[in-house]
Colleague: 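Got a structure for you, questions after.
Proteins come first, then strands; the chains are lettered A, B, ... in the order of their sequence lines, and each starts at number 1.
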Number of protein chains: 2
Amino acid sequence: MATIRDVAKLADVSVSTVSLALSNPARVSQKTLEKIRQAIAAVGFVADPLAQSLARGRSRMIGFVVGNVGNPFFGDIRRELENYALDHQHFVVVTDSSGKTDRERAMVEHLIGLKTAGLALAPSGYDQDYLDFIAGLNVPIVCFDQKVAGIERDFVGSDNYLAGAMLTEHLLQLGHRRIAFITGPSHMHTATERYRGFAETMANAGVEVNPNFVVDGQFTRTAGYEAAMRLLIQPERPTAILGANNTVALSTLQAMQELGFRCPEDISLAMIDNVQWSSVITPRITMVVQDTLALGGIIARRLMHRISNPQGAVEPPQDFVLTPKFVPGNSCRRL
Amino acid sequence: MATIRDVAKLADVSVSTVSLALSNPARVSQKTLEKIRQAIAAVGFVADPLAQSLARGRSRMIGFVVGNVGNPFFGDIRRELENYALDHQHFVVVTDSSGKTDRERAMVEHLIGLKTAGLALAPSGYDQDYLDFIAGLNVPIVCFDQKVAGIERDFVGSDNYLAGAMLTEHLLQLGHRRIAFITGPSHMHTATERYRGFAETMANAGVEVNPNFVVDGQFTRTAGYEAAMRLLIQPERPTAILGANNTVALSTLQAMQELGFRCPEDISLAMIDNVQWSSVITPRITMVVQDTLALGGIIARRLMHRISNPQGAVEPPQDFVLTPKFVPGNSCRRL
DNA sequence: TGATTAAATCGAACCGGTTCGATTGAGCCC
DNA sequence: GGGCTCAATCGAACCGGTTCGATTTAATCA
């Protein structure tokens with residue numbers, strides 16, 4: 001609990017000199033520096049980060065805000081960010097909004113109150129009020145995953161249109177025509193883009209989409225399960241189901257197993273996004289995955305760049321869009 | 001960015017009165033209270049949490065320290081803690097040590113520097129230096145998951161001995177005798193207890209354990225995979241494998257599938273701990289699960305109790321040990 | 001009505017750092 | 001030797017709250 005004043009007293013210099021020695025040693029004489037060093041060691045001084053943040057108006061913390069830290073997608077990104085941040089003397093504070101917009105906002109506000117140096121944010125909010133709030137923040141922010149129209153910030157994510165299109169094309173090539181799509185929330189960019197990839201690819205192939213084959217899975221387990229059941233009980237069943245994310249696809253697989261459908265013999269299944277332990281899920285689901293490590297690396301570098309470089313703060317926002325990767329499984333059969 | 005002094009000026013009272021009105025309204029007259037309220041609304045004042053923490057020597061943050069936030073076990077606990085904490089005006093800061101002891105310590109130190117009100121800690125360290133460090137902290141701490149001998153703090157966890165014993169007994173009842181056990185790190189309490197449950201139950205049944213049937217899986221994916229392979233290539237193969245946690249068990253399942261073993265026809269498999277999407281993994285693995293929601297609730301209540309009650313801080317540490325639950329699957333066959 | 005006490009409010013010090021303008025002193029040039 | 005510059009150091013104000021002893025105001029009682 002030694003303070004900077006204890007150090008100053010022991011080293012017989014002023015408090016400001018100690019502070020200067022710590023933040024900019026080059027401007028303090030060798031002799032004094034040495035005295036201060038010894039005094040610091042003698043009293044066991046460690047600067048109080050709270051006091052530093054208050055005085056500086058900035059802390060060395062980076063806020064990481066997502067809807068579900070348990071999701072391995074976010075987990076990988078968090079790890080990359082953290083490793084990079086630690087290398088640059090910054091500390092990552094993780095918060096989880098559980099997908100609730102109001103909670104997300106409260107958490108961002110709290111992080112701002114903590115005077116975080118920057119924010120990595122996967123936004124779930126979208127109303128004007130929220131956008132204005134984000135726009136008004138005077139802190140480096142890198143958004144990722146969800147591209148929200150109206151947020152003028154750096155964005156890092158994947159080409160979701162392509163992801164949807166790739167899987168659709170694959171199913172078409174296998175001879176499927178009655179392809180169903182389980183969507184995500186319509187206010188989410190990833191959801192609409194993935195659906196657009198599906199719809200346009202179908203249209204380009206001249207295949208009409210049965211309106212009953214597009215059901216809303218909300219990216220959640222319960223809604224996904226419900227959506228799958230709704231598809232499976234139809235008299236003219238789809239031959240393939242495309243899940244807009246991992247959660248709805250796995251819910252679909254569960255629903256299929258429960259009703260006694262075999263995959264891929266009876267119905268084929270494909271999904272966007274990876275899932276933990278996908279290798280032990282039977283069948284191995286054909287999927288398109290995002291390069292989470294690359295995404296995390298870009299987020300980390302971009303954010304630290306803005307934080308560390310004086311001119312980095314004023315650079316215009318930039319989009320980084322990565323190409324997702326097709327990973328074949330054995331959940332899609334040729335018709 | 002309005003400060004308390006702006007409020008004081010506008011309400012024509014002293015700064016200290018405003019502060020008092022905020023922290024203890026009962027001690028300020030109605031009239032003054034109203035003036036202050038209006039002034040606060042007029043200038044849009046929000047107290048700076050950093051300044052508050054510095055002055056008070058305590059913040060309203062709770063540190064949550066685990067080795068892997070992505071693990072659903074920790075995720076469930078985190079959610080419970082967070083919900084409870086938010087209801088009590090506290091904010092949870094999540095940190096992930098990635099299982100590295102030195103990083104965990106750095107993170108705890110950082111959280112202490114932030115003057116967190118309390119810590120929920122799943123310790124991974126165990127050397128004396130670390131124990132002394134934890135012992136020396138003058139902050140409410142609730143440890144969970146890993147019971148570390150030498151840490152005199154509240155502990156919340158499951159009866160791991162019982163967990164190991166239950167599954168072993170189950171396999172014995174099904175007629176298995178050649179049962180293999182994939183262990184976790186020997187310095188982890190959960191690992192040793194689970195193994196003890198296995199070993200003693202076997203001994204009590206008068207069944208000798210083949211030393212080659214106990215291999216170290218380190219609770220990790222790679223080591224678990226290696227351990228499984230080591231078991232599967234033995235000429236006198238086990239008829240059942242018991243994984244000390246979910247990760248090593250799933251790695252085992254993967255190894256079995258890769259080598260062409262069928263589960264449970266060729267080899268039975270059981271594990272301790274649940275796993276996300278266990279319902280879609282084929283076969284459904286027989287397991288013993290912890291009641292994560294109950295654990296999270298106890299951790300939350302215990303920690304907030306110590307934080308909020310003046311006398312809570314000095315209560316002697318207490319252990320809360322919950323009974324795990326047997327969840328049958330179809331991964332164990334009768335011999 | 002004056003003394004006594006409790007309630008309301010205030011002022012100043014404090015938490016532990018940072019920052020910037022002012023001061024001191026050494027070195028250099030003419 | 002006087003004037004000038006630059007490096008080293010210092011003092012004081014500041015960041016935005018809290019806290020506590022002191023002071024003022026209001027209420028109670030003899």
Colleague: Could you encode protein contacts along nucleotides 16-23 of chain D as a string, one character per nucleotide from 5' to 3', using B for base contact, S for sugar-phosphate-only contact and - for no contact, with a heavy-atom cut-off of under 4.0 Å?
Modeller: BBBB----
Colleague: Could you walk me through whether B/I62 and B/I307 pass the side chain to side chain contact (heavy atoms under 4.5 Å, CB included) test, one step at a time?
Modeller: CA-CA 10 Å; B/I62 289 178; B/I307 290 172; 4.0 Å; yes
Colleague: Please list, chain by chain and in numerical order, all residues satisfying salt bridge (Lys or Arg N to Asp or Glu O under 4.0 Å) with B/D87, sequence neighbours excluded.
Modeller: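 Listed in chain order: nothing, the list is empty.
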Colleague: Find out whether A/P185 and A/F219 are in side-chain contact, i.e. whether some heavy atom of one side chain is under 4.5 Å from a heavy atom of the other.
Modeller: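 Counting from C-beta outward, A/P185 and A/F219 do come under 4.5 Å.
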Colleague: Provide, to the nearest angstrom, the distance between the CG atom belonging to B/D6 and the P atom belonging to D/dC14.
Modeller: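 The answer, rounded to whole Å, is 14 Å.
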Colleague: Mind checking salt bridge (Lys or Arg N to Asp or Glu O under 4.0 Å) for A/R153 and listing every partner two or more places apart, or none if nothing turns up?
Modeller: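 Once residues adjacent in sequence are excluded, A/R153 has no partner under the salt bridge (Lys or Arg N to Asp or Glu O under 4.0 Å) criterion.
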Colleague: Donor-acceptor pairs under 3.5 Å, side chain of residues 109-119 of chain B to any protein atom, not counting sequence neighbours: which ones?
Modeller:
unit_1 : atom_1 : unit_2 : atom_2 : d
B/E109 : OE2    : B/R105 : NE     : 3.4
B/K115 : NZ     : A/D48  : OD1    : 3.4
B/K115 : NZ     : A/D48  : OD2    : 2.5
B/T116 : OG1    : B/L111 : O      : 3.0

Colleague: In residues 28-41 of chain A, which residues come under 4.0 Å of DNA chain D by heavy atom?
Modeller: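 A/V28, A/S29, A/T32, in order of number.
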Colleague: Could you check whether A/R79 and B/N68, counting side-chain N and O atoms only, form a donor-acceptor pair closer than 3.5 Å?
Modeller: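 Result is no, nothing qualifies.
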Colleague: Between B/S14 and B/T17, do the side chains contain a donor N or O and an acceptor N or O under 3.5 Å apart?
Modeller: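 B/S14 and B/T17 do have a side-chain donor-acceptor pair below 3.5 Å.
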Colleague: Output all residues satisfying ring-ring contact (aromatic ring centres under 6.0 Å, His included) with A/F45, sequence neighbours left out; order by chain, then residue number.
Modeller: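 Expected list: none.
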